[in-house]
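Okay, structure first, notes after.
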Amino acid sequence: MKKTRLIVEYEYEFELIGIIASVKFYKLAWAINQKLDIRLVKQDDYSIEMKGGSKAAFSNYLYQLESQCFRLFKNRSVEGENTCLLPELPHFDYIVKIDEQSQSFAKEEILKELKEVPWIEYIAAIEVEKLKSKDNFLT
């Protein structure tokens, strides 16, 4: 019997920024709120199905208005195991996702502003197209 496969091409309309910071998650969210003059709010854990069928949950904060969305994720799962939201980039402690429809959030401006936060040790833009696990951010 001949098999038919459905191939779906997704559009990845978001930008990612990786952050290395040895500070508690809530403190980093507070510092970003102060620096960018936004209000990140703690959300329920973001659950995804990983390869192999296991589920993982990740802490996150969200700032969302009608035309803009800014989300801060913890790269490690809340279960404490070595599961990462971006397995190919485990050295990042936190990931920022910016929807491209957000006119007020330009990636370069955010990078510039967040480099001034004293708790952030390293920050870098992540090329979404090169990630194998970019589907983890589709909601």
Side-chain angles (χ1 to χ4, degrees):
M1 178 187 269
K2 186 176 179 180
K3 293 184 180 181
T4 304
R5 290 187 182 209
L6 175 65
I7 299 173
V8 178
E9 292 287 326
Y10 293 107
E11 291 184 23
Y12 301 98
E13 298 177 345
F14 55 85
E15 303 280 342
L16 295 176
I17 297 173
I19 296 175
I20 297 175
S22 56
V23 67
K24 298 279 186 189
F25 195 30
Y26 68 91
K27 281 188 174 183
L28 180 64
W30 178 82
I32 291 173
N33 281 342
Q34 299 301 312
K35 193 66 182 169
L36 299 180
D37 195 28
I38 61 175
R39 188 168 186 272
L40 288 167
V41 178
K42 180 83 167 105
Q43 302 294 303
D44 292 335
D45 290 342
Y46 178 71
S47 297
I48 59 170
E49 189 171 320
M50 304 300 284
K51 291 184 179 179
S54 64
K55 290 210 178 248
F58 299 89
S59 296
N60 69 97
Y61 283 84
L62 173 70
Y63 172 71
Q64 185 170 12
L65 296 175
E66 252 180 58
S67 64
Q68 53 192 351
C69 183
F70 183 99
R71 191 178 287 254
L72 176 65
F73 291 97
K74 194 168 190 179
N75 197 24
R76 302 247 187 269
S77 104
V78 294
E79 286 89 24
E81 54 193 63
N82 286 338
T83 306
C84 290
L85 189 57
L86 287 178
E88 58 266 40
L89 298 171
H91 55 280
F92 285 120
D93 298 314
Y94 305 101
I95 307 295
V96 173
K97 177 186 173 194
I98 308 161
D99 285 345
E100 284 186 355
Q101 67 205 27
S102 301
Q103 301 298 327
S104 61
F105 291 124
K107 182 171 67 171
E108 293 77 25
E109 290 175 27
I110 290 174
L111 281 169
K112 182 181 165 197
E113 290 288 322
L114 293 183
K115 282 181 182 179
E116 297 173 12
V117 175
W119 293 322
I120 294 179
E121 298 163 20
Y122 180 75
I123 186 168
I126 299 171
E127 294 185 47
V128 176
E129 299 80 31
K130 294 184 179 181
L131 293 175
K132 292 180 183 177
S133 59
K134 59 188 167 222
D135 292 348
N136 291 351
F137 293 97
L138 296 176
T139 53

Could you tell me which residues satisfy side-chain contact (heavy atoms from CB on, under 4.5 Å) with Ser133, sequence neighbours excluded, listed by chain and number? Leu86, Pro87, Glu88, Asn136
Got a sec, which residues hit side-chain contact (heavy atoms from CB on, under 4.5 Å) with Leu111, two or more places apart in sequence or on another chain? Ile17, Lys107, Ile123, Ala125
Is there a donor-acceptor pair under 3.5 Å between the side chain of Arg71 and the backbone N or O of Ile95? no
Could you tell me whether a side-chain N or O of Asn75 sits under 3.5 Å from a main-chain N or O of Cys84, the two making a donor and an acceptor? no
The criterion is ring-ring contact (aromatic ring centres under 6.0 Å, His included); which residues satisfy it with Phe73, sequence neighbours excluded? Tyr46, Phe137
Partner set under ring-ring contact (aromatic ring centres under 6.0 Å, His included) for Phe25, not counting sequence neighbours: Tyr61, Tyr94
Considering residues at least two apart in sequence or located in another chain, which fulfil the side chain to side chain donor-acceptor pair (under 3.5 Å) criterion with [X]?
X	value
Glu79	Ser77
Ser47	none
Glu121	Ser22
Ser59	none

Would a 4.5 Å heavy-atom cut-off, applied to side chains only, mark [X] and [Y] as touching?
X	Y	result
Leu28	Ile120	yes
Asp93	Val23	no
Phe92	Ile20	yes

Under a 4.5 Å side-chain heavy-atom rule over Ile, Leu, Val, Met, Phe, Trp and Tyr, are Tyr122 and Leu89 clustered together? yes
Locate the shortest heavy-atom distance separating Phe70 from Ile110; write the atom from each residue and the value. CE1-CD1, 3.8 Å
Any idea which heavy atoms bring Gly18 and Ile126 closest together, and the distance? N-CD1, 3.5 Å
Could you measure the distance from the CD atom of Glu113 to the CD1 atom of Ile32? Nearest 0.5 Å is fine. 12.0 Å
Residues at least two apart in sequence or cross-chain that pass salt bridge (charged side-chain N to carboxylate O under 4.0 Å, His left out) with Lys130, listed by chain then number, are Glu127
Per the side chain to side chain donor-acceptor pair (under 3.5 Å) rule, what does the pair list look like for residues 26-45, sequence neighbours excluded? Lys35-Glu116
When Val96, Leu62, Asn60 are each screened for side-chain contact (heavy atoms from CB on, under 4.5 Å) with Leu72, the one that passes is Val96
